[in-house]
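In this text the structure is predicted, and so the values were computed from the model without any measurement.
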Amino acid sequence: MKKPSVFVSTTLIVILVLLLLPAVTYLNQIISGSYGIQTHQNTAIDFTWQDVNGTQHQFSDWKKGPSYLFLGFLSCSQICPIRTHQVKLLMEQLTETEKQNIQFLFVTIDPQNDTQEIRQQMIDSQSAQFFSAELTPEQLEKLQWQLAEKSTASSDINLHTGNLYLISPTGQLKQTYTQQQLITEKLLIDLNTMMSSN
(Lines give C-alpha, C1' and ligand atoms only; values in the text may rest on other atoms or scores of the structure.)
Protein backbone atom coordinates (compact mmCIF):
# COMPACT_ATOMS: atom_id res chain seq x y z
CA MET A 1 0.00 0.00 0.00
CA LYS A 2 2.97 2.34 0.47
CA LYS A 3 4.04 2.27 -3.19
CA PRO A 4 0.86 3.90 -4.54
CA SER A 5 1.11 6.49 -1.76
CA VAL A 6 4.69 7.37 -2.75
CA PHE A 7 3.69 7.54 -6.41
CA VAL A 8 0.74 9.84 -5.66
CA SER A 9 2.92 12.08 -3.48
CA THR A 10 5.61 12.30 -6.13
CA THR A 11 3.04 13.07 -8.83
CA LEU A 12 1.49 15.83 -6.72
CA ILE A 13 4.91 17.39 -6.05
CA VAL A 14 5.76 17.37 -9.77
CA ILE A 15 2.41 18.98 -10.65
CA LEU A 16 2.86 21.60 -7.93
CA VAL A 17 6.35 22.49 -9.19
CA LEU A 18 5.09 22.78 -12.78
CA LEU A 19 2.30 25.09 -11.64
CA LEU A 20 4.62 27.25 -9.54
CA LEU A 21 7.29 27.82 -12.21
CA PRO A 22 5.26 30.34 -14.26
CA ALA A 23 4.31 32.18 -11.06
CA VAL A 24 7.94 32.37 -9.91
CA THR A 25 8.99 33.63 -13.36
CA TYR A 26 6.27 36.28 -13.31
CA LEU A 27 7.23 37.41 -9.80
CA ASN A 28 10.89 37.62 -10.86
CA GLN A 29 9.90 39.95 -13.69
CA ILE A 30 7.75 42.12 -11.40
CA ILE A 31 10.43 42.38 -8.68
CA SER A 32 13.26 43.12 -11.12
CA GLY A 33 11.13 45.55 -13.13
CA SER A 34 12.19 43.86 -16.36
CA TYR A 35 10.23 42.29 -19.17
CA GLY A 36 12.58 39.41 -19.88
CA ILE A 37 13.56 36.68 -17.47
CA GLN A 38 16.73 37.63 -15.63
CA THR A 39 18.46 34.29 -15.44
CA HIS A 40 22.10 33.28 -15.91
CA GLN A 41 23.21 36.87 -15.32
CA ASN A 42 26.80 35.73 -14.81
CA THR A 43 26.93 33.51 -17.88
CA ALA A 44 29.61 34.84 -20.24
CA ILE A 45 28.67 34.18 -23.86
CA ASP A 46 31.49 33.75 -26.37
CA PHE A 47 31.91 31.62 -29.47
CA THR A 48 33.47 31.57 -32.92
CA TRP A 49 31.15 32.05 -35.87
CA GLN A 50 31.27 32.42 -39.64
CA ASP A 51 29.43 35.15 -41.55
CA VAL A 52 27.87 34.96 -45.03
CA ASN A 53 31.22 35.82 -46.64
CA GLY A 54 32.98 32.93 -44.91
CA THR A 55 34.84 35.23 -42.50
CA GLN A 56 35.42 33.93 -38.96
CA HIS A 57 34.55 36.15 -35.99
CA GLN A 58 34.91 35.83 -32.24
CA PHE A 59 31.66 37.01 -30.67
CA SER A 60 33.47 38.83 -27.84
CA ASP A 61 35.56 40.81 -30.37
CA TRP A 62 32.75 41.41 -32.87
CA LYS A 63 30.02 42.98 -30.77
CA LYS A 64 30.14 46.72 -30.12
CA GLY A 65 27.37 46.99 -27.55
CA PRO A 66 24.20 45.12 -26.56
CA SER A 67 23.39 42.20 -28.84
CA TYR A 68 20.28 40.17 -29.47
CA LEU A 69 20.93 36.50 -30.09
CA PHE A 70 18.52 34.01 -31.62
CA LEU A 71 19.03 30.37 -32.60
CA GLY A 72 16.79 29.13 -35.38
CA PHE A 73 16.49 27.88 -38.94
CA LEU A 74 15.26 29.67 -42.03
CA SER A 75 12.77 27.07 -43.26
CA CYS A 76 10.91 27.58 -39.98
CA SER A 77 7.47 29.07 -40.61
CA GLN A 78 6.57 29.79 -36.99
CA ILE A 79 8.70 31.44 -34.29
CA CYS A 80 11.83 32.22 -36.37
CA PRO A 81 10.26 34.81 -38.73
CA ILE A 82 8.31 36.24 -35.80
CA ARG A 83 11.50 36.81 -33.77
CA THR A 84 13.31 38.41 -36.71
CA HIS A 85 10.36 40.76 -37.29
CA GLN A 86 10.15 41.63 -33.58
CA VAL A 87 13.81 42.67 -33.46
CA LYS A 88 13.38 44.65 -36.68
CA LEU A 89 10.45 46.54 -35.13
CA LEU A 90 12.57 47.25 -32.06
CA MET A 91 15.43 48.61 -34.19
CA GLU A 92 13.00 50.94 -35.94
CA GLN A 93 12.21 52.55 -32.57
CA LEU A 94 15.86 53.51 -32.04
CA THR A 95 17.65 56.60 -33.27
CA GLU A 96 20.43 56.18 -35.83
CA THR A 97 22.99 56.86 -33.08
CA GLU A 98 21.45 54.23 -30.78
CA LYS A 99 21.36 51.64 -33.57
CA GLN A 100 25.06 51.90 -34.35
CA ASN A 101 26.24 49.69 -31.48
CA ILE A 102 23.31 47.28 -31.27
CA GLN A 103 23.32 44.08 -33.30
CA PHE A 104 21.09 41.10 -33.97
CA LEU A 105 22.80 37.76 -34.60
CA PHE A 106 20.75 34.92 -36.06
CA VAL A 107 22.56 31.63 -35.40
CA THR A 108 21.46 28.84 -37.71
CA ILE A 109 20.86 25.43 -36.19
CA ASP A 110 20.43 24.01 -39.70
CA PRO A 111 23.65 24.99 -41.53
CA GLN A 112 23.20 22.31 -44.21
CA ASN A 113 20.08 24.03 -45.54
CA ASP A 114 20.69 27.60 -44.39
CA THR A 115 23.34 28.38 -46.98
CA GLN A 116 25.31 31.63 -47.02
CA GLU A 117 23.18 32.87 -49.95
CA ILE A 118 19.88 32.15 -48.19
CA ARG A 119 21.11 33.68 -44.94
CA GLN A 120 22.24 36.82 -46.81
CA GLN A 121 18.84 37.15 -48.48
CA MET A 122 16.67 36.47 -45.44
CA ILE A 123 18.67 37.97 -42.55
CA ASP A 124 21.74 40.05 -43.43
CA SER A 125 20.01 42.09 -46.14
CA GLN A 126 17.24 43.26 -43.79
CA SER A 127 19.28 45.78 -41.81
CA ALA A 128 22.83 47.00 -41.22
CA GLN A 129 22.43 45.64 -37.67
CA PHE A 130 21.35 42.14 -38.79
CA PHE A 131 23.86 39.32 -39.16
CA SER A 132 23.57 35.56 -39.56
CA ALA A 133 26.04 33.03 -38.26
CA GLU A 134 27.12 29.47 -38.85
CA LEU A 135 28.90 27.65 -36.03
CA THR A 136 30.76 24.37 -35.97
CA PRO A 137 28.73 21.56 -34.37
CA GLU A 138 30.95 21.79 -31.26
CA GLN A 139 30.53 25.57 -30.92
CA LEU A 140 26.76 25.31 -31.51
CA GLU A 141 26.35 22.61 -28.89
CA LYS A 142 28.36 24.63 -26.37
CA LEU A 143 26.29 27.76 -27.04
CA GLN A 144 23.01 25.87 -26.73
CA TRP A 145 24.19 24.43 -23.43
CA GLN A 146 25.09 27.92 -22.14
CA LEU A 147 21.70 29.28 -23.16
CA ALA A 148 19.86 26.22 -21.80
CA GLU A 149 18.31 25.62 -25.21
CA LYS A 150 16.36 22.37 -25.39
CA SER A 151 17.67 21.28 -28.76
CA THR A 152 21.20 20.26 -29.63
CA ALA A 153 23.01 20.07 -32.93
CA SER A 154 22.05 16.39 -33.25
CA SER A 155 18.39 16.66 -32.22
CA ASP A 156 15.23 17.51 -34.16
CA ILE A 157 15.59 21.18 -35.16
CA ASN A 158 11.84 21.64 -34.90
CA LEU A 159 12.18 21.31 -31.11
CA HIS A 160 14.24 24.49 -30.67
CA THR A 161 12.99 26.83 -27.97
CA GLY A 162 12.61 30.04 -29.94
CA ASN A 163 13.96 32.22 -27.13
CA LEU A 164 15.42 35.66 -27.79
CA TYR A 165 18.49 36.54 -25.71
CA LEU A 166 19.80 39.98 -24.77
CA ILE A 167 23.57 40.00 -24.26
CA SER A 168 25.24 42.91 -22.45
CA PRO A 169 28.15 44.89 -23.96
CA THR A 170 30.45 42.90 -21.64
CA GLY A 171 29.18 39.59 -23.08
CA GLN A 172 26.92 38.57 -20.19
CA LEU A 173 23.55 36.92 -20.78
CA LYS A 174 21.12 39.37 -19.16
CA GLN A 175 17.61 38.69 -20.42
CA THR A 176 15.78 35.73 -21.89
CA TYR A 177 12.52 36.40 -23.73
CA THR A 178 10.30 33.34 -23.98
CA GLN A 179 6.92 34.81 -24.96
CA GLN A 180 5.89 34.31 -28.56
CA GLN A 181 4.36 37.79 -28.78
CA LEU A 182 6.84 40.38 -27.53
CA ILE A 183 5.86 43.99 -26.87
CA THR A 184 8.35 46.32 -28.55
CA GLU A 185 7.95 49.05 -25.92
CA LYS A 186 8.85 46.64 -23.12
CA LEU A 187 11.88 45.33 -25.02
CA LEU A 188 12.95 48.94 -25.43
CA ILE A 189 12.69 49.59 -21.68
CA ASP A 190 14.97 46.61 -20.93
CA LEU A 191 17.43 47.74 -23.61
CA ASN A 192 17.49 51.35 -22.36
CA THR A 193 17.96 50.14 -18.78
CA MET A 194 20.98 48.10 -19.86
CA MET A 195 22.46 50.93 -21.92
CA SER A 196 22.06 53.50 -19.13
CA SER A 197 23.70 51.20 -16.56
CA ASN A 198 26.88 50.74 -18.64
Student: Does any pair with a residue in residues 67-76 pass salt bridge (Lys or Arg N to Asp or Glu O under 4.0 Å), and if so which ones, sequence neighbours excluded?
Tutor: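 Those involving residues 67-76 do not exist here.
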Student: The criterion is ring pair (Phe, Tyr, Trp, His ring centres under 6.0 Å); which residues satisfy it with Phe106, sequence neighbours excluded?
Tutor: Phe70
Student: Applying ring pair (Phe, Tyr, Trp, His ring centres under 6.0 Å), name anything that partners Phe104, two or more places apart in sequence or on another chain.
Tutor: Phe130
Student: Does Phe131 belong to the same Ile/Leu/Val/Met/Phe/Trp/Tyr cluster as Val52, with side-chain heavy atoms less than 4.5 Å apart forming each link?
Tutor: no
Student: Kindly indicate whether the side chain of Lys174, heavy atoms from C-beta on, has any atom under 4.5 Å from the side chain of Asp190.
Tutor: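 Result no, sub-4.5 Å side-chain heavy-atom pair not found.
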Student: Would you say the side chains of Glu149 and Tyr165 form a donor-acceptor pair under 3.5 Å?
Tutor: yes
Student: Under 6.0 Å from the CD atom of Gln56, do we count more than 12 heavy atoms belonging to anything else shown?
Tutor: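 Atom CD in Gln56 is crowded, with more than 12 foreign heavy atoms closer than 6.0 Å.
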Student: Do the non-hydrogen side-chain atoms of Leu188 and Leu94 ever get within less than 4.5 Å of each other?
Tutor: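 With C-beta onward as the side chain, the pair touches.
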Student: Could you verify whether a donor N or O on one side chain and an acceptor N or O on the other, from Arg119 and Gln116, lie under 3.5 Å apart?
Tutor: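 Side chains of Arg119 and Gln116: no pair found under 3.5 Å.
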Student: Kindly indicate, with the supporting measurements, whether the criterion side chain to side chain contact (heavy atoms under 4.5 Å, CB included) is fulfilled by Ile167 and Gln172.
Tutor: CA-CA 5 Å; Ile167 313 297; Gln172 305 292 314; 5.9 Å; no
Student: Please tell me if the side chains of Phe47 and Gln146 come closer than 4.5 Å, counting only heavy atoms from C-beta onward.
Tutor: no
Student: Distance only, no hydrogens: is a donor on one side chain within 3.5 Å (strictly under) of an acceptor on the other, for Gln58 and Thr48?
Tutor: yes
Student: Mind running side chain to side chain contact (heavy atoms under 4.5 Å, CB included) on Ile45 and Leu69 for me, showing each step along the way?
Tutor: CA-CA 10 Å; Ile45 303 297; Leu69 197 59; 4.2 Å; yes
Student: With no hydrogens and no angle check, just 3.5 Å: does a side-chain donor-acceptor pair link Asp124 and Ser132?
Tutor: yes
Student: Measure across Leu187 and Tyr68 and return the closest heavy-atom pair with its distance rounded to 0.1 Å.
Tutor: O-OH, 4.0 Å
Student: State whether a side-chain donor-acceptor pair under 3.5 Å links Thr170 with Ser168.
Tutor: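 A pair is found: one side chain offers a donor N or O, the other an acceptor, under 3.5 Å apart.
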